[in-house]
Amino acid sequence: MSNFFDSTRFARLWRAHWAESWRDYAWFAGIMVMVNLIIILISFSTDTEHTFSMFQRSVQINWYAVGLFVSAMVFAGRYFKHMVNPGASLITLMRPASIFEKWLLAFVVISILFPLVYTLGYVLMNYPAVQLAKASYIAPPLCDSCPPFAPDFGFYIPFITVEMEKTSAEVLRFFKMQLFYVLLLSAGQAVIAGGTVFFKRSPVLKTVLILFLLSILMAWIGCVPQLGIFASLNDDVLVPQGVAEYGLSIGLWLGLPVMLWTALFLHLKEREVA
Amino acid sequence: MKPQFSKAGVWLFLAAVVWYVAGNFALESMNKNNLALAKSLHQTEHHFDIGKLESVVIRAQNNNVWTGGIKVVFDPNATQASINNENLRLSVNGKMLDGVLNISLDNIETRQYRQTSEFTVLLPPTLKKVKFSGIDSVTLSGSLPASDAELNLEITDCRSTVNMGNLIVNHLKLTSACQTKLKKHWNEEGFVLGDGVQINQLDVSMQFGMLKFSSAAIPKQIQLNIGDEVVVTGQREFLKSVHFSNKF
């Protein structure tokens, strides 16, 4: 049995964690379902002209992205909530598992399983709503010489649905934007989770305060986020992106979550030792 | 446990902050170089010798073309139509067709640079008609000095707002082909006659939309052939001088 990672021990840790936490997760999911349902109902009831712009593809994407980001941050902040209580934190930290296994469990649950479950829930709830909006849509009458207005009720599933009428360059661009979103989400989750492990008292408040102060510092020094290869609309026409820009963009936006998740691992190690 | 190791997580977090700052500054520098290159490749000036043509159409090729900051200026000294396009995301195509100069605007697939997007169309005073199709917002100014000068401005859809300021012309005709009342939260299609508009005769024909008049100089003749849904805004002196009709 390796001290660093053992699959049997990891499975036991996973079962123990699930046994303790499934009720919390069920409540969390229930609240998110309620919020989403309320938003859907409000969108239907306030759209008296039956244009249902809230259910069109571009708005779907925004709704999915904002909902996932906010809920993922809250979830990451709550994962280590027992660390605030000395008794509960002792039990958790003394569990027969290596630090790496505890860290890996946190990473899998926060960064992989939560977004997947959120996406599944989003699809199950929003797909029927979008189909209903599409069936109920009434096109506004326009004049003969007006440019045609085509509503887009294509259902959005991240990384899966592709608008068939787009060029391959546009499809690639959109893929890169989604990839950037995933990296940013992971980095955000790592910061929040890391803060809740590092700070012993009022961890979420202190983490948010640190982030706020950092954002002030960034604004003061004039550091504006540059998305590099992830931001461009289509670079192949006028200014092709070079290898240097690819390397710098990937290095920056992939390196950030890697460093922050590693910092979480080190925070966990310190707490266990302390 | 060594104290240095116990704070390794903090050091790594600080390293991530430094990584973030350094990476962004490096990318920003790269972006500036790319912007300079894109500007050097972009065609800014376009000129069209229109001869005796009297009509111009300014059209957006599709709904996704950004057309928010277009300026149209009637220059009494101009002898040809000129376009100054500093917007790296906009391409211009001009064609003479059946006695009409068609100016088409389309998107250039390029980076989304943060910069002002100047787009100015300079027109000679010999033109009599300008049509806007698929254009969100136009600022129109200038002078047609001939004493019998007549200018027709036409909106072909329910999308455009034409803002006029510092415009001098004898006879101004405003027409909108919009056939429906559409709700817009950020814009209303129609015509706005602001400060510095000096016209002797104003004719308006529109079924929907809005007409605002705030210039101090009231035209001598004002004929508004407008539908019941048109919203007219103006000061008392303006409204007193208006002749209304509804032939729709």
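Values reported hereafter were calculated over all heavy atoms of this structure, with side chains retained and with hydrogens, waters and symmetry mates removed.
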(request) Indicate yes or no: at least one non-hydrogen side-chain atom of A:M218 is less than 4.5 angstrom from one of B:Y20. (result) yes
(message) So does A:M259 get a backbone contact from the side chain of B:W19, meaning a donor-acceptor N/O pair under 3.5 Å?
(response) no
(message) Quick check on A:A187 against chain B: is it the side chain, the backbone, both or neither that has a heavy atom closer than 4.5 Å?
(response) neither
(message) Can you give me the closest heavy-atom contact between B:L12 and A:A263, atom names plus distance?
(response) CD2-N, 3.4 Å
(message) Other residues, nucleotides and ligands only: do more than 12 of their heavy atoms fall within 6.0 Å of NZ on A:K81?
(response) yes
(request) Could you look at B:A22 and say if it's the side chain, the backbone, both or neither that has a heavy atom under 4.5 Å from chain A? (result) neither
(request) Flag the pair B:M30 / A:Q226 as yes when at least one side-chain heavy-atom distance between them is below 4.5 Å, and no otherwise. (result) no
(request) List the atom of B:L27, the atom of A:W253, and the distance in Å for their closest heavy-atom pair. (result) CD1-NE1, 4.3 Å
(request) Please report the closest heavy-atom contact between B:A16 and A:L260, naming both atoms and the distance. (result) CB-CD2, 4.0 Å
(message) So, taking the atom named OG1 in A:T262 and the one named CZ in B:F13, what distance separates them when rounded to the nearest 0.5 Å?
(response) 13.5 Å
(message) Between B:N24 and A:V224, is the side-chain contact (heavy atoms from CB on, under 4.5 Å) condition met? List the steps.
(response) CA-CA 7 Å; B:N24 278 303; A:V224 177; over 6 Å; no
(message) Could you check whether any side-chain heavy atom of B:V17 comes within less than 4.5 Å of a side-chain heavy atom of A:L214, counting everything from C-beta outward?
(response) yes
(message) Is it the case that over 12 heavy atoms from other parts of the model lie below 6.0 angstrom from the NZ atom of B:K71?
(response) no
